[in-house]
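Below is one structure; the comments refer to it alone.
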Amino acid sequence: MKERIAEHLAVFRRGVVDLIDEKQLTVLLRKSFEESRPLRVKFGMDPSSPDLHLGHAVPLMKLRDIQDLGHQVVLIVGDATAMVGDPSGRNKLRPQLTRAEVELNLATYKDQAACVLDIEATEIRQNSEWFDEMNFYDVLELAGRMTVARMIERDTFQKRMQAQEPIGIHEFLYPLMQGWDSVEIANDVELGGNDQLFNLLVGRQLQEQRDMCPQVCFTMPLINGLDGRKMSKSYGNSIGLTEAPGEMFGKIMALDDPSMEAWFTLLTRVADAEVETLLAGHPREAKARLAREIVTFFHSSDAADVASKAFDRQFRDRQLPENIQTEAWPVDGDELPLAILLKELGLAKSSSEARRLVQQGGVRLDGDICQDPMQAVLRPASEFLLQVGKRRFQRVTPR
RNA sequence: GGGGAGAUACUCAAGCGGCCAACGAGGUCAGACUGUAAAUCUGAUGGCACAGCCUUCGCAGGUUCGAAUCCUGCUCUCCCCA
């Protein structure tokens, strides 16, 4: 029994930031084993942006580990809360989504969560289920459970007030809504991102006020994106769960070295000792391993193999990649200035951008650097190869 | 309800009548180097078939030879007082 508890505890604990509190979790685990009743572990997803990325995968992977131990994961799709927008970690008022937008995101969300979770074994609930039933008086009663003082002492609100940024009254309701989910679900444990601690604790408090067993709260770190800032789709520094293996592999190889350790512990199941060895070795090898692990998890080890080989070929050995897209000559005429050709082919967003690329020596025509944007390019007899930067290749055929 | 402050390019943020397509930082892109799409260094970063031209500084008007900069109205935000 003791060993089993320790084993489960270790899974819960790996990589966490906060665990409130561990003693209670131990008690819950013991009870769970004695009554052979799995723990209910709640996790809320905010269906505001439709694409999940590796940052979302961190808690999802933890949930998966917990599922594998036999506990019950309850996934709350915050379709009602999405209309408020979580103020945590935000220094801006978030746009309130409409019902329709939320509906639209929902399906995609479940699919993407299934990349990580055992979706069959997951209880999925939408919180509109209970919030639809609430009337204004219920809301007032709920709002009375929180004080303004506690609310505004939060860091995110402090910052926004100092920066003289707007804070909507409805934003104060967000933690209460999330907390109410816990009352409805009667979960034993709730998991969240590092910025979620406040929200989680509100749930604990609300449960307690209703004579329920207060939930154990634990949080996972927010991982850095590729540029070192918090991973977020709006920063454009994220890697999507459904990205192609090659893209995923390459982007991981672009990760800065200091982030590797965190990514290993949070996004792979490589044992700590092995991670240590890897990190002590050559950074490139370690990063390649990291990329393989992650691509294998989201795709397959075959896909990881292919991606790894392609990456080495293209970037280490400086060979042409194997699969180069072919486009037809884009216009009626037989001749185009290079910069215009690039724009027409979509290799540059605008002709100004195309000019810059060419002038900076980033464009090769059949392997030769060409720095004159106005150089005339003839419609090819059979085909020619355009290369823009290190990553964009395109063959052009006469049409 | 009264008084004050503010809205600038992807983001943050200067500029407050001509020298402004708009300082600086981040991001992004390119180049060099390398260990890689790390790190570091250099450069570019509104559009246009581009030594020129065109459109941008919340929105709409106005003053002026000339406006991101001044005036009027509108929209949105913040602060203080009530």
Side-chain angles (χ1 to χ4, degrees), chain A residues 90-95 152 157-169 171 224-239 243-264 278-292 294-295 307-319 321 330-333 335-345 347-364 369-377 386-393:
Chain A
R90 288 285 169 162
N91 42 24
K92 274 220 173 87
L93 191 67
R94 298 179 69 178
I152 61 176
F157 289 135
Q158 284 293 330
K159 277 190 191 135
R160 280 164 60 179
M161 286 194 287
Q162 262 160 33
Q164 312 210 320
E165 302 252 4
I167 297 171
I169 298 287
E171 294 186 78
N224 285 151
L226 299 169
D227 57 2
R229 294 185 289 173
K230 172 189 161 186
M231 184 177 284
S232 155
K233 204 182 172 210
S234 50
Y235 289 152
N237 63 359
S238 62
I239 301 177
E243 275 186 50
E247 272 303 288
M248 196 179 255
F249 192 97
K251 284 188 180 180
I252 296 167
M253 289 304 282
L255 181 70
D256 52 350
D257 291 355
S259 300
M260 278 199 282
E261 186 174 0
W263 281 47
F264 265 117
L278 281 164
L279 291 175
H282 198 299
R284 191 190 184 281
E285 295 313 309
K287 208 176 289 177
R289 174 66 189 279
L290 177 68
R292 288 186 83 91
I294 294 174
V295 174
S308 162
K309 287 206 179 85
F311 186 89
D312 283 350
R313 178 190 168 90
Q314 187 174 347
F315 298 105
R316 190 192 58 197
D317 306 333
R318 299 288 157 118
Q319 301 285 305
V331 294
D332 287 331
E335 185 181 319
L336 269 185
L338 180 56
I340 306 305
L341 176 65
L342 292 175
K343 188 185 73 169
E344 293 296 332
L345 288 169
L347 289 168
K349 281 196 213 68
S350 64
S351 70
S352 303
E353 184 180 281
R355 269 165 190 279
R356 266 176 246 134
L357 285 167
V358 174
Q359 276 159 0
Q360 289 182 129
V363 176
R364 284 165 190 267
I369 294 177
C370 173
Q371 283 185 292
D372 175 10
M374 283 297 110
Q375 176 174 327
V377 180
L386 270 174
Q387 181 176 354
V388 178
K390 295 187 182 80
R391 290 152 61 186
R392 280 169 285 175
F393 296 85

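Throughout, protein chains are lettered first and strands after them, A, B, ... in sequence-line order, and every chain is numbered starting at 1.
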Nearest atoms (heavy-atom pairs only) where W263(A) meets N224(A): CZ2-O, 3.3 Å
What stems show up for RNA chain B when you take Watson-Crick pairs (N1-N3 plus N6-O4 or O6-N4) and G-U wobbles (N1-O2, O6-N3), both under 3.5 Å, and require three or more consecutive pairs? B:1-7 with B:75-81, B:10-12 with B:24-26, B:27-32 with B:40-45, B:46-48 with B:52-54, B:58-62 with B:70-74
With F311(A) via ring-ring contact (aromatic ring centres under 6.0 Å, His included) - residues at least two apart: F249(A), F315(A)
Nearest-angstrom distance from the residue atom CG of L290(A) to C1' of rU36(B): 13 Å
Of the non-hydrogen atoms in C370(A) and L338(A), which two are nearest, and what is the gap between them? SG-CD2, 3.5 Å
Let me know the distance between CD of Q359(A) and P of rA51(B), rounded to the nearest Å. 11 Å
Rounded distance in Å between the C1' positions of rA7(B) and rG58(B): 6 Å
Between NE2 of H282(A) and P of rU34(B) the distance, given in whole Å, is 13 Å
Going by heavy atoms in the side chains, are P330(A) and L345(A) under 4.5 Å from each other? yes
Same-atom distance (C1') from rC71(B) to rU77(B), integer angstrom: 23 Å
What is the separation between atom CD on Q319(A) and atom P on rU36(B), rounded to the nearest whole Å? 14 Å
Using modelled atom types and a 3.5 Å cut-off, is there a donor and acceptor pairing between side-chain atoms of E353(A) and backbone atoms of K349(A)? yes
Do the side chain of Q371(A) and the main chain of Q359(A) share a donor and acceptor less than 3.5 angstrom apart? yes
How do L336(A) and V388(A) order along RNA chain B: which one's closest nucleotide is nearer the 5' end? V388(A)
Whole-Å P distance, rA9(B) and rG15(B): 16 Å
Between D312(A) and D317(A), is there a donor-acceptor pair closer than 3.5 Å when you use the side chain of the first and the backbone of the second? no
Protein-nucleotide distance (R313(A), atom CZ; rU36(B), atom P), rounded to Å: 16 Å
Using every non-hydrogen atom in the two residues, find where S351(A) and K343(A) come nearest and quote the distance to one decimal. N-CD, 3.4 Å
Take atom C1' in rA68(B) and the same atom in rG46(B), then report the distance between them in whole Å. 15 Å
Kindly indicate whether the side chain of L386(A), heavy atoms from C-beta on, has any atom under 4.5 Å from the side chain of L341(A). yes
Spacing of Q371(A) atom CD relative to rA30(B) atom C1', expressed in whole Å: 11 Å
Below 3.5 Å between N/O atoms, which protein atoms pair up with nucleotides 37-39 of chain B? Just atom names and distances, please.
| from | atom 1 | to | atom 2 | distance (Å) |
| --- | --- | --- | --- | --- |
| rA37(B) | O2' | A254(A) | N | 3.1 |
| rA37(B) | N1 | R391(A) | NH2 | 3.3 |
| rA37(B) | N3 | R391(A) | NH1 | 3.4 |
| rA38(B) | O4' | K287(A) | NZ | 3.1 |
| rA38(B) | O2' | D257(A) | N | 3.3 |

Q360(A) (side chain) and rG43(B) (base): donor-acceptor pair under 3.5 Å: yes
Under 4.0 Å protein heavy-atom contact, by nucleotide of nucleotides 76-82 of chain B - B base, S sugar-phosphate only: -SSS---
Heavy-atom nearest pair, A376(A) first then E335(A), reads CB-OE2, 3.3 Å
For the pair Q314(A) (side chain) and K390(A) (backbone), establish whether a donor and an acceptor sit closer than 3.5 Å, ignoring hydrogens and angles. yes
Between L255(A) and L290(A), is any pair of side-chain heavy atoms under 4.5 Å apart? yes
What's the gap between rA67(B) and rG18(B) when it is taken at their C1' atoms, as a whole Å value? 9 Å
rC10(B) and rC57(B), which share atom name P, separated by this distance in whole Å: 12 Å
How far, in whole Å, is rC74(B) from rC29(B) if one measures between their P atoms? 45 Å
Sequence neighbours excluded, which residues qualify as salt bridge (charged side-chain N to carboxylate O under 4.0 Å, His left out) partners of R392(A)? none
Taking C-beta and beyond as the side chain, do L278(A) and E285(A) meet within less than 4.5 Å on heavy atoms? no
Which atom pair, heavy atoms only, marks the closest approach of A307(A) to P245(A)? CB-O, 3.9 Å
Please list, for nucleotides 46-48 of chain B, all pairs of protein and nucleotide N/O atoms separated by less than 3.5 Å.
| from | atom 1 | to | atom 2 | distance (Å) |
| --- | --- | --- | --- | --- |
| rG47(B) | OP1 | S350(A) | OG | 2.9 |
| rG47(B) | OP2 | R356(A) | NH2 | 2.7 |
| rC48(B) | OP1 | S351(A) | N | 3.3 |
| rC48(B) | OP2 | S350(A) | OG | 3.4 |
| rC48(B) | OP2 | S351(A) | N | 2.9 |
| rC48(B) | OP2 | S351(A) | OG | 3.2 |
| rC48(B) | OP2 | S352(A) | N | 2.9 |
| rC48(B) | OP2 | S352(A) | OG | 3.1 |
| rC48(B) | O5' | S351(A) | OG | 3.2 |

Expressed as a whole number of Å, how far does the P atom of rC53(B) sit from that of rG2(B)? 50 Å
